[in-house]
Visitor: 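A single structure is presented below for examination.
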Amino acid sequence: MKKILTIGLLLGGIATTQAEIKLPAVIGDHMVLQQNSNARIWGWSAPKSTLTITTSWTATPYTTKADDKGRWEVAVATGDASFEAKSITIDEKGAKASDQRQIKDILIGEVWLASGQSNMQMPLKGFPGCVVKNGLTDAINAYRDTPGVRMMNVKLDQKAEEQEDCEGCWQEPRFPQTMDWSATAYYFAANLSQSLQIPVGIVNAAYGGAKVESWCSKDLLKQYKDVDLNIDHIWAMQPEYHRPLLMYNAMFCPVKNYTYKGIIWYQGCSNVGTGPESTEYAQRLANMAKLWRDQIGLGDIPFHYVEIAPYAYDGEQGNQSAYLREQQYKAEKLIPNSYIVSTNNLVEPFEPYNIHPREKRKVGERLCWVALNRVYGFNEVCCTGPRYKDMEIKGDTCLVSFTDLQMGICRNYDIQGFEVAGEDKVFYPSEETSLRWQTNQVLVRSNKVPKPVAVRYCFRDFQIGTLYGGNELPAFPFRTDNW
């Protein structure tokens with residue numbers, strides 16, 4: 001009996017020194033690794049165990065050691081982008097061959113993190129009551145058209161504490177799983193892959209209705225007096241998608257260590273209002289971007305984001321969302337290496353009460369054009385519409401000038417969206433709006449305002465303008481007043 005007991009204890013000791021190699025959801029089959037980088041691969045095994053990581057594209061293996069909790073990490077050199085499927089093998093020293101882990105069908109290319117709220121989450125199949133234009137057709141044809149695009153959807157979740165892992169997996173662009181892919185992120189990746197002729201991977205961590213505060217850490221949120229961090233109060237908040245902190249913990253933290261080229265962001269609707277979360281949005285978005293970059297640890301990687309689309313908030317034609325768009329525009333100057341994409345003309349006249357406009361392809365295309373111009377060196381790609389520069393008043397006429405006219409102003413007839421006001425601060429639609437093509441100035445005039453002092457363009461909740469520049473990119477909404 002003593003001998004049997006001794007053998008049992010010995011076997012028990014061996015069992016505690018070995019553990020199954022576990023990988024996070026973001027590391028797995030079909031993933032895309034960032035090209036020409038030291039891509040981070042990590043996981044868990046037995047505490048203090050030694051692991052060997054072998055890649056199919058290099059002859060020299062990597063060796064690393066797990067810490068006291070069993071976590072290990074290694075950076076593998078990836079080289080140039082390739083559509084050729086590759087693999088990684090992970091061995092724990094002393095483990096059986098059956099315990100070996102292999103990651104298959106890996107592509108090397110460009111990797112972007114996509115996040116925000118429902119207009120980033122919105123899948124190609126659409127939401128109930130909200131369709132994506134041509135979404136189903138593009139989901140069906142995705143493998144034929146963009147075989148090198150891969151996506152990982154992080155499962156919607158909320159947690160009180162920072163998480164190391166999440167639910168989700170990398171997927172090839174095969175139907176029907178593509179129906180659940182983020183439409184905006186897919187169109188961004190599809191255009192980027194086709195233009196660069198390399199694979200593109202997207203980690204999509206978006207949560208419908210989330211506020212910018214939802215994606216911030218506890219330490220950051222402590223700076224905001226209007227945010228109650230009592231965890232019981234947070235869990236009691238309704239609607240649940242407005243809760244601060246919890247999406248950061250559950251959906252960002254598990255994927256923050258992946259190696260990315262940049263971030264695309266589409267959020268802001270839930271911050272529309274009159275409180276600090278709206279009036280301080282520019283700074284809060286900048287704070288979040290800094291937090292994320294610090295956590296990702298790759299410096300000021302590109303942060304490209306989307307202006308919220310026209311929508312008649314509260315069923316009225318006010319301008320609450322105009323102030324939020326203005327905050328988004330201001331954030332560009334606060335966030336290094338950032339760029340904003342306008343969507344002012346990407347809604348239909350019949351969509352004033354549709355907070356999920358159906359046109360997602362062009363949103364993704366515009367994000368891609370920014371990346372091509374600002375990240376990949378294709379300076380000839382026009383990626384921005386006209387931006388307000390200054391205004392000159394001559395009698396009853398306002399002459400508005402613009403910057404970022406790489407291809408000039410490409411609309412010289414039926415220009416709509418301008419309003420003008422006098423000292424009474426009452427705005428009237430411009431009755432005579434025309435383009436002075438010699439100077440690219442827009443002439444704005446109303447018979448009801450003989451002495452104008454201010455001009456606004458699409459500074460409403462739902463107002464579709466018709467002034468645009470190269471690649472049909474719209475002029476950014478603006479106001480010359482500070483009322």
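These figures come from a predicted structure and were not determined experimentally.
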Visitor: Gln283 side chain to Tyr281 main-chain N or O, any donor-acceptor pair under 3.5 Å?
Guide: no
Visitor: Indicate yes or no: at least one non-hydrogen side-chain atom of Ile53 is less than 4.5 angstrom from one of Ile88.
Guide: yes
Visitor: Among side-chain atoms of Gln267 and Trp215, is any donor-acceptor pair under 3.5 angstrom?
Guide: no
Visitor: Is any side-chain heavy atom of Ile355 closer than 4.5 Å to one of Cys269?
Guide: yes
Visitor: Closer than 3.5 angstrom, by distance alone: can the side chain of Thr259 be matched with the main-chain N or O of Arg40 as a donor-acceptor pair?
Guide: yes
Visitor: Ignoring hydrogens and geometry, is there a side-chain-to-backbone donor-acceptor pair from Arg325 to Ala309 under 3.5 Å?
Guide: yes
Visitor: How many angstroms lie between CG in Leu473 and OG in Ser342, if you round to the nearest 0.5 Å?
Guide: 8.5 Å
Visitor: Apply side chain to side chain contact (heavy atoms under 4.5 Å, CB included) to Ile108 and Trp57, showing your working.
Guide: CA-CA 11 Å; Ile108 296 177; Trp57 60 91; 4.2 Å; yes
Visitor: Is Ile263 close to Ile301 at the side-chain level, that is, under 4.5 Å between some pair of heavy atoms?
Guide: yes
Visitor: Within the 4.5 Å heavy-atom criterion, are Pro386 and Arg411 side-chain neighbours or not?
Guide: no
Visitor: Applying side chain to side chain contact (heavy atoms under 4.5 Å, CB included), run through Tyr388 and Val455 and close with a yes or a no.
Guide: CA-CA 11 Å; Tyr388 171 73; Val455 166; over 6 Å; no
Visitor: So does Lys256 have more than 12 non-hydrogen atoms from other groups sitting under 6.0 Å from NZ?
Guide: yes
Visitor: Once rounded to the nearest 0.5 Å, what's the spacing between atom CG of Leu33 and atom CG of Asn38?
Guide: 11.5 Å
Visitor: State whether a side-chain donor-acceptor pair under 3.5 Å links Tyr224 with Glu277.
Guide: no
Visitor: Do Arg479 and Asp481 meet the salt-bridge criterion of a basic N to acidic O distance under 4.0 Å?
Guide: yes
Visitor: Near Lys22 NZ, under 6.0 Å, is it more than 12 heavy atoms from other residues, nucleotides or ligands?
Guide: yes
Visitor: Out of the candidates Gln117, Glu240, Gln121, Arg243, only one should pair with Tyr207 under the side-chain hydrogen bond (donor to acceptor under 3.5 Å, both in side chains) rule; please name it.
Guide: Glu240
Visitor: Between Pro254 and Ala250, which heavy-atom pair has the shortest distance, and what is it?
Guide: CG-O, 3.2 Å
Visitor: May I ask you to decide whether Arg358 forms a salt bridge with Glu348, counting only side-chain N to carboxylate O separations under 4.0 Å?
Guide: yes
Visitor: Please determine whether the number of non-hydrogen atoms from other residues, nucleotides or ligands lying under 6.0 Å from atom OH of Tyr413 exceeds 12.
Guide: no
Visitor: Indicate yes or no: at least one non-hydrogen side-chain atom of Tyr241 is less than 4.5 angstrom from one of Leu156.
Guide: no
Visitor: For the side chain of Trp170 and the backbone of Val26, is there at least one donor-acceptor N/O pair under 3.5 Å apart?
Guide: yes
Visitor: Under a 3.5 Å distance rule, please check whether Gln406 uses its side chain to pair with a backbone N or O of Asn379 as donor and acceptor.
Guide: yes
Visitor: Got more than 12 heavy atoms from elsewhere within 6.0 Å of CD, Glu167?
Guide: no
Visitor: Compare all side-chain heavy atoms of Asn440 with those of Phe402 and state whether any distance is below 4.5 angstrom.
Guide: no
Visitor: Which heavy-atom pair separates Pro199 from Ser82 by the least distance, and what is that distance?
Guide: CG-O, 3.3 Å
Visitor: Would you mind checking if Arg174 and Glu172 are paired as a salt bridge, meaning a charged N to carboxylate O distance below 4.0 Å?
Guide: yes
Visitor: Hey, mind stepping through Thr146 and Tyr186 against side-chain hydrogen bond (donor to acceptor under 3.5 Å, both in side chains) and telling me if it holds?
Guide: CA-CA 10 Å; Thr146 55; Tyr186 170 70; 2.8 Å; yes
Visitor: Which label fits Phe303 and Tyr305: parallel for a plane angle under 30°, tilted from 30 to 60°, or perpendicular past 60°?
Guide: tilted
Visitor: Do the non-hydrogen side-chain atoms of Ser214 and Leu246 ever get within less than 4.5 Å of each other?
Guide: no
Visitor: Do the numbers put Arg387 on top of the ring of Phe476, so that NZ or CZ is under 6.0 Å from the six-membered ring centre and no more than 45° off the axis?
Guide: yes
Visitor: So which atom in Asn257 and which in Gln295 form the shortest heavy-atom distance, rounded to 0.1 Å?
Guide: OD1-O, 4.4 Å
Visitor: If you draw a 6.0 Å radius around CE in Met407, do more than 12 non-hydrogen atoms from other residues or ligands fall strictly inside?
Guide: no
Visitor: Using atom types as modelled and distance alone, determine if a side-chain donor or acceptor of Thr64 lies under 3.5 Å from a backbone N or O of Glu73.
Guide: yes
Visitor: Under the criterion side chain to side chain contact (heavy atoms under 4.5 Å, CB included), I'd like the reasoning laid out for Asp29 against Ile103: C-alpha separation, chi angles, the key distance, then a yes or no.
Guide: CA-CA 5 Å; Asp29 295 348; Ile103 310 170; 4.0 Å; yes
Visitor: Will you find, in the side chains of Glu332 and Ser338, an N or O donor that is under 3.5 Å from an N or O acceptor?
Guide: no
Visitor: Quick one: sort the Trp265 and Trp292 rings into parallel, tilted or perpendicular, breaks at 30° and 60°.
Guide: perpendicular
Visitor: To the nearest 0.5 Å, what is the distance between CE (Met179) and CG (Leu124)?
Guide: 9.0 Å
Visitor: Can a donor-acceptor pair be found, under 3.5 Å and without considering hydrogens, that links the side chain of Ser195 to the backbone of Asn191?
Guide: yes
Visitor: Report the distance from atom CD1 of Ile21 to atom CH2 of Trp72, rounding to the nearest 0.5 Å.
Guide: 7.0 Å
Visitor: Does Phe127, at its CZ atom, have more than 12 non-hydrogen atoms belonging to other residues, nucleotides or ligands within less than 6.0 Å?
Guide: yes
Visitor: Out of curiosity, Glu110 CD to Gln35 CD, how far, rounded to the nearest 0.5 Å?
Guide: 4.5 Å
Visitor: Are the side chain of Ser278 and the backbone of Gly273 linked by a donor-acceptor contact shorter than 3.5 Å?
Guide: yes
Visitor: So do Leu346 and Arg366 actually touch side chain to side chain, heavy atoms under 4.5 Å?
Guide: yes
Visitor: Can you tell me how far OH of Tyr468 sits from SG of Cys410, rounded to the nearest 0.5 angstrom?
Guide: 7.0 Å
Visitor: For Lys218, does the NZ atom sit with more than 12 other heavy atoms under 6.0 Å from it, leaving out its own atoms?
Guide: no
Visitor: Run the side chain to side chain contact (heavy atoms under 4.5 Å, CB included) check on Arg361 and Asp138 step by step: do they pass?
Guide: CA-CA 10 Å; Arg361 174 189 289 273; Asp138 292 331; 2.9 Å; yes
Visitor: Using modelled atom types and a 3.5 Å cut-off, is there a donor and acceptor pairing between side-chain atoms of Thr78 and backbone atoms of Ser37?
Guide: yes
Visitor: Of the options Arg284, Lys211, Glu280, Glu213, which is the one that meets Asn271 in a side-chain hydrogen bond (donor to acceptor under 3.5 Å, both in side chains)?
Guide: Glu213
Visitor: For Tyr258 and Trp42, take the angle between the two ring planes, folded into 0 to 90°, and tell me which bin it lands in: parallel under 30, tilted 30 to 60, perpendicular over 60.
Guide: perpendicular
Visitor: Looking at Asp105 and Arg150, is any side-chain nitrogen of the basic one under 4.0 Å from a carboxylate oxygen of the acidic one?
Guide: yes
Visitor: Going by atom types only, do Tyr339 and Asn373 share a side-chain donor-acceptor pair under 3.5 Å?
Guide: no
Visitor: Hey, does the side chain of Asn249 reach the backbone of Lys159 with a donor-acceptor pair shorter than 3.5 angstrom?
Guide: yes
Visitor: Side chains of Asp414 and Gln416 only: does a donor on one sit below 3.5 Å from an acceptor on the other?
Guide: yes
Visitor: Checking Phe462 against Tyr313 for the ring pair (Phe, Tyr, Trp, His ring centres under 6.0 Å) test, could you report, in this order, the C-alpha distance in whole Å, the side-chain angles of both residues, the deciding distance, and whether it holds?
Guide: CA-CA 8 Å; Phe462 187 89; Tyr313 287 81; over 10 Å; no
Visitor: Which heavy atom of Glu162 sits nearest a heavy atom of Cys253, and at what distance?
Guide: CG-SG, 3.8 Å
